[in-house]
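Mind having a look at this structure? Questions to follow.
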Amino acid sequence: MMLKIENVTQQYRDVYAVKEVTCELTQGIYGLLGPNGAGKSTLMRILVDVLKPTKGRVTYNGKEISILGENYRDILGYLPQEFGGYSHFTAQEFLRYVASLKGIDSRVAHEKVDGLLELVGLCNVKKKKLKGFSGGMTRRVGIAQALLNDPLILILDEPTAGLDPSERIRLRGILSEISKDKIILLSTHIVSDIEYVANEVLLIKEGELIQKKAPKELLAALNGQVWTMVMNEDDFLKNKQHLKLVNASHLQGQVEIRIISDKEPHEQAVTVEPRLEDIYVYYFGANDVV
Ligand SMILES: Nc1ncnc2c1ncn2[C@@H]1O[C@H](COP(=O)(O)OP(=O)(O)OP(=O)(O)O)[C@@H](O)[C@H]1O
Ligand SMILES: [Mg+2]
């Protein structure tokens, strides 16, 4: 199975939401990582054929997805970034309803729905109306609906938004369990969501695909460039804007910093093993470290 993206471009007036993206996705889990506005959702909407790109094409096993049409939708599961509405349905009713839209036989659907409610941990609230659900619970209903037709291609736009840490971990487990025969693409700006689970990470910046590598390879490329050191608050404040800062922990007038630098920033600085969070700062910068 292969989803092939060739020169895909989406232009809005003078803004390129997605620009000349070319890559191939085969079985496995892919993490699409990029800051707000990078083009993640736009690329995903193109991949699920709800948006026709300005330029370029997407093929599944050699056939254009827009021509495959219904046949493509049959093997597709999609969680949009904005998933909601249907507040008068209970979780179970909603999933049964989506199942019927997807043409799943009602007896099969009933079993499938209950299995999925169990999988995403919503069994005990399946008879509750969606309008009473928290953000994380709604997200989990969204994940369940994307899985209803046992999709070969699963596109999840920020599936972990609003999930608490234990739910994030549970989702990672579910994804790796079901990934054997699927192409799974999930977007996030939270590095830990994909650090352990993704076979490959796709970094997207201003619409362009700037890296597509296994997490290990991305990390190896940063070897020797991640440093920590302790400095006093005054020096830190003076130098802050020149540092590519991953983290700063303040304690008792001192600051322990973690920075990216291709040369030794200070004689007291020591190199440390890169983490995916460092990769994020390296490529996208960090503007919320204080
Ligand atoms: N329908 C549209 N009309 C005009 N501009 C758009 C439209 N959709 C997206 N954009 C622009 O395209 C760019 C990419 O948006 P997109 O929603 O794909 O980013 P994203 O990576 O999903 O961001 P986020 O992390 O905030 O969800 C942004 O600059 C956005 O403003
Ligand atoms: Mg988005």
Side-chain angles (χ1 to χ4, degrees), residues 3-23 25 29-58 65-66 76-85 134-136 138-143 145-146 151 153-165 167-168 171-172 175 183-195 197-198 200-213 215 218 246 276-289:
L3 196 60
K4 200 167 173 182
I5 305 165
E6 294 169 82
N7 305 103
V8 163
T9 298
Q10 182 62 38
Q11 194 176 355
Y12 294 109
R13 295 173 185 269
D14 52 350
V15 176
Y16 284 95
V18 174
K19 195 171 179 188
E20 295 290 340
V21 170
T22 297
C23 69
L25 308 182
I29 303 180
Y30 298 84
L32 183 60
L33 189 64
N36 289 135
K40 302 181 294 296
S41 297
T42 307
L43 179 61
M44 289 183 142
R45 292 174 65 223
I46 291 169
L47 294 182
V48 300
D49 198 29
V50 295
L51 182 67
K52 199 152 179 54
T54 323
K55 189 184 152 216
R57 60 181 207 148
V58 181
I65 57 169
S66 51
L76 192 68
Y78 172 47
L79 170 67
Q81 183 165 2
E82 318 291 342
F83 170 80
S134 70
T138 308
R139 214 70 200 132
R140 285 186 269 155
V141 175
I143 293 162
Q145 66 76 33
I153 301 174
L154 184 59
I155 309 278
L156 302 173
D157 198 350
E158 300 200 17
T160 60
L163 297 195
D164 65 30
E167 282 304 331
R168 279 167 196 265
L171 179 66
R172 289 207 292 259
L175 294 182
I183 296 171
I184 301 180
L185 178 67
L186 66 126
S187 74
T188 183
H189 28 233
I190 298 160
V191 170
S192 60
D193 283 346
I194 52 177
E195 190 150 23
V197 81
E200 278 201 343
V201 178
L202 283 67
L203 299 181
I204 184 167
K205 186 178 186 177
E206 291 163 15
E208 294 185 69
L209 183 65
I210 55 170
Q211 284 287 351
K212 178 176 175 285
K213 285 201 170 89
L218 282 174
V246 182
L276 218 51
E277 201 186 11
D278 303 315
I279 306 283
Y280 191 95
V281 173
Y282 179 76
Y283 285 105
F284 304 123
N287 34 26
D288 39 13
V289 180

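Just so it is clear, the model here is predicted, and its values are computed rather than measured. Both ligands and their constituent atoms are indexed starting at 1 by order of listing.
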Leu163 backbone acceptor or donor facing Arg140 side chain under 3.5 Å: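 Checked: no pair found.
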Nearest protein heavy atom to atom 12 (O) of ligand 1, by residue and atom, and its distance?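 The closest heavy atom on the protein side is Ala17 CB, 3.2 Å.
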Looking at ligand 1, is there an atom of it that comes within less than 4.0 Å of some heavy atom belonging to Ser187?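 Outside the 4.0 Å threshold, so no.
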Atom 4 (C) of ligand 1 - nearest protein heavy atom and its distance: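 Scanning the protein heavy atoms, the shortest distance from atom 4 (C) of ligand 1 goes to Tyr12 CG, 3.4 Å.
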Compute the minimum heavy-atom distance from Gln10 to ligand 1 and say whether it is under 4.0 Å.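 In this structure, Gln10 fails to qualify as a contact of ligand 1 - no heavy atom is under 4.0 Å.
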Would one find an N or O of Leu43, backbone or side chain, under 3.5 Å from an N or O of ligand 1?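 No - when backbone and side-chain N and O of Leu43 are compared with those of ligand 1, no distance drops under 3.5 Å.
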Ignoring hydrogens and geometry, is there a side-chain-to-backbone donor-acceptor pair from Lys205 to Ile210 under 3.5 Å?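 Not confirmed, Lys205 side chain does not pair with Ile210 backbone.
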Please state whether Gly39 comes within less than 4.0 angstrom of ligand 1, counting heavy atoms only.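 Per 4.0 Å heavy-atom rule, Gly39 contacts ligand 1.
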Which bit of Gln81 gets closer than 4.0 Å to ligand 1, counting heavy atoms only: side chain, backbone, both or neither?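 The answer is the side chain.
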For atom 23 (O) of ligand 1, which protein heavy atom lies nearest, and how many Å away is it?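 Result: Gly37 N, 2.7 Å.
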Using a plain distance cutoff, I'd like to know if Val15 has any nitrogen or oxygen under 3.5 Å from a nitrogen or oxygen of ligand 1.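 Among all N and O atoms of Val15, none is under 3.5 Å from an N or O of ligand 1.
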At a threshold of 2.8 Å, where the distance has to be below it, does the Mg ion (ligand 2) have an N, O or S atom of Ser41 nearby?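 Looking at Ser41, which is the residue asked about, there is an N, O or S atom under 2.8 Å from the Mg ion (ligand 2).
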